[in-house]
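As the structure is a prediction and not an experimental result, all values here were calculated from the model. Convention: sequence-line order gives letters A, B, ...; per-chain numbering from 1.
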Amino acid sequence: MIQLKDISKVYTLGTQEVEVLRNISLEIKPGEFLSLVGPSGSGKSTLMNILGCLDKPTRGSYFFEGVSVADLSDDQLAEIRNKKIGFVFQSFHLLPRINALQNVELPLIYAGVPRSKRKEKAREVLAAVDLADRIYHKPNELSGGQCQRVAIARALVNNPQIILADEPTGNLDTKSGNEILQIFEKLNRQGVTLVIVTHDLSIARRAHRIVTLRDGEIIKDEVRRGEREGGGMEGGWR
Amino acid sequence: MGILESIRVALEALSSNKVRSALTMLGVIIGVFAVICLIAIGEGAKAYVSKELMGIGSNLLVVTPGKAKTSGGPPISVDSAKKLTYEDAEFIARRSTAVKQVAPIVMGTGKVKYENRSRDTTVLGVTYDFQQVRNLHVEIGSFISADDVDARRKVCTLGRVVKQELFGESNPLGKMVKINDVSFRVIGIMEKKGVTFGFNIDDIVFIPVKTAQELYDTDKLFEILAAATSEKEVDEAKRQITQLLIKRHREEDFTITTQAAMLESMNSILTTLTWVLGAIAGISLVVGGIGIMNIMLVSVSERTSEIGIRKAVGAKRRDILSQFLVESITISALGGLLGMILGVGLARGLAFSFPSLPVKVSLWSIILALSFSVFVGIFFGVYPAHKASKLDPIEALRHE
Ligand SMILES: Nc1ncnc2c1ncn2[C@@H]1O[C@H](COP(=O)(O)OP(=O)(O)O)[C@@H](O)[C@H]1O
Ligand SMILES: [Mg+2]
């Protein structure tokens, strides 16, 4: 479902060029549960942003479901972010002035879903992340774990094929982090492809495949024992 | 994202910063308010002028001595060497078929005295027809008659104000007053008429026109008023009077102004005035628009991370563009609406409490002000909205 070929990302700071990603080649199959690890500054977020169609690589080619992302317009990229990819950030990135329900509705608004259907769908997804009793709370009235669950609900609401989570538990205590991970594992069992960036090895080990980055290069790509080669189970969210 | 959705989001964003939104709106409110009020005054003046001119009588022609250099409107400066005489007026009355009445006029000032009271006022030398031509009426006694004119009698009819000043409540009929030290007998009192074009018709003493020529030692007339037989005949009357006077004077050394021409030239002056007033008010609306742009730019930079989030979950450029554009249009349209309510309210209130004040709210000024305010919202909102829509999602998200 995702294919990266010789991806590089170069930032130019003044006259100095910094190559943050070097010749990354990676293939992610539908239904995979992959964790991306590596020291801070190794380029994990940069890679995730490229995967999430939020950023573009300097060199190399990225195929999302066989389509070369470099050839897509801004609007087409927005559509992919809206319908096919769910992004979860370390710092939640919820809109502070609106409540949980409205935050979850946001992708549906941009997908052009009518209002009543939107509300229904957003409620449903919030219930699935166990927040049915918190839908009218604003982000500052929710705990970090609850905020992240709202963010996950928002990522899920358009039934994406893939969830990209950049250190989703980085700002949470162990217990909330564990709850979040359980949600992700359940989603993956239902067939959603999952890529999680983490520092925490105990979390990384719960994935089926661990990719390690250092200085912008993949130094290790191990498939955990007893794991199938992608191809998750059917059914679930759709 | 639908337009209703955009408006809802815009209202939410505006209400989350009420003071700022209100202050920004105030610029537009004042602008629209000023546009509507100033245009109402201009339009009111126009309505006032045409009402006054109609009140004078719509068949009216005014013949003044001297040839005006410009056409349309009463001549500003006249050549005093040229003259109109009483005989000119008689000639017109006799020979013109399109003219119903002719009123030769001598105008002067005089000190009118009765016993120990006196008043400086306007003295008009007139004929009997004057009251018909100008649509004036006598309240008690009588107006100057044709006999009074021919016999050069020293009689006078007093305007209301003059009567009040000299006689108070007592009956002046038959009493002798002195005008510039010449004795006149009072034969009538005019009905109260009020001020027209700043000229108080009640503050006048009427005397026979020939008597006035003697009093002021002149054979010239100030002007000749003529009433056409009907409104349709005004142009014909003008043509006839021109021919007749040229026959007598051997040249066109006079100017004929018709009611329609006066109305037209006054209207064009006042229309220009209205536009100038409206434009001045429009400037304040533009300043209000700059305020909107300023606030929207601040808002875009404050909400950079919001824009990043929206883009990350699938907002397209045009979604962000319309969100911010709708926000600025909402400010300007809402401000415009409030300004309109205030403006119309004030104008109506003024017109209601001071009926004499020339104020007239016209629909076109409301439509103009509202559409201009919406235009201002679009014009000054496009740049900030465009700036927001162009933001790179990753850079916007990183912004805290
Ligand atoms: N916009 C940018 N401009 C310049 N350098 C950047 C930018 N974004 C990230 N970097 C650099 O790229 C490197 C990788 O960053 P990142 O992908 O955030 O690492 P990680 O998520 O693995 O901690 C870091 O050295 C960082 O300083
Ligand atoms: Mg990172």
Within the supplied structure, the quantity of interest is the number of heavy atoms (other residues, nucleotides, ligands) at a distance under 6.0 Å from B:E264 CD; does it exceed 12?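 No - once you tally the heavy atoms of other residues, nucleotides and ligands closer than 6.0 Å, there are 12 at most.
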Enclosure of A:K119 NZ (heavy-atom neighbours >12, cutoff 6.0 Å):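 More than 12 heavy atoms, drawn from other residues, nucleotides or ligands, come within 6.0 Å of this atom.
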Verify the distance criterion only: is there a donor paired with an acceptor across the side chains of [X] and [Y] at less than 3.5 Å?
| X | Y | answer |
| --- | --- | --- |
| B:T330 | B:E327 | no |
| B:R318 | B:S322 | no |
| A:D166 | A:Q90 | no |
| A:D173 | A:S176 | yes |
| A:Q161 | A:E65 | yes |

Which of residues 378-394 of chain B have a heavy atom under 4.5 Å from any heavy atom of chain A?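 Against chain A, the residues of residues 378-394 of chain B that fall inside the cut-off (heavy atoms, under 4.5 Å) are B:P393, B:I394.
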How about residues 22-47 of chain B versus chain A: which residues have heavy atoms under 4.5 Å apart?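 From residues 22-47 of chain B, none sit under 4.5 Å of chain A.
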Main-chain N/O of [Y] paired with [X] side-chain donor or acceptor, under 3.5 Å:
| X | Y | answer |
| --- | --- | --- |
| A:N99 | A:H137 | no |
| A:K9 | A:V18 | no |
| A:T58 | A:V10 | yes |
| A:D6 | A:G60 | no |

Where does A:D75 contact chain B at under 4.5 Å (heavy atoms): side chain, backbone, both or neither?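 The answer is both parts of A:D75.
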Which bit of A:I85 comes within less than 4.5 Å of chain B, counting heavy atoms only: side chain, backbone, both or neither?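 Contact with chain B is absent: no heavy atom of A:I85 under 4.5 Å.
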As an exercise: rank A:H93, A:Q102, A:R154 by heavy-atom pairs under 4.5 Å with chain B and give me the winner.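 Highest number of pairs under 4.5 Å: A:H93.
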B:E12 portion near chain A, given a 4.5 angstrom heavy-atom threshold: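 Interface part for B:E12: side chain.
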B:L397 versus chain A, heavy atoms under 4.5 Å apart: side chain, backbone, both or neither?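 B:L397 touches chain A through backbone and side-chain heavy atoms alike.
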Could you please spell out the steps behind the side chain to side chain donor-acceptor pair (under 3.5 Å) verdict for B:E302 and B:S299? CA-CA 5 Å; B:E302 274 179 2; B:S299 174; 5.4 Å; no
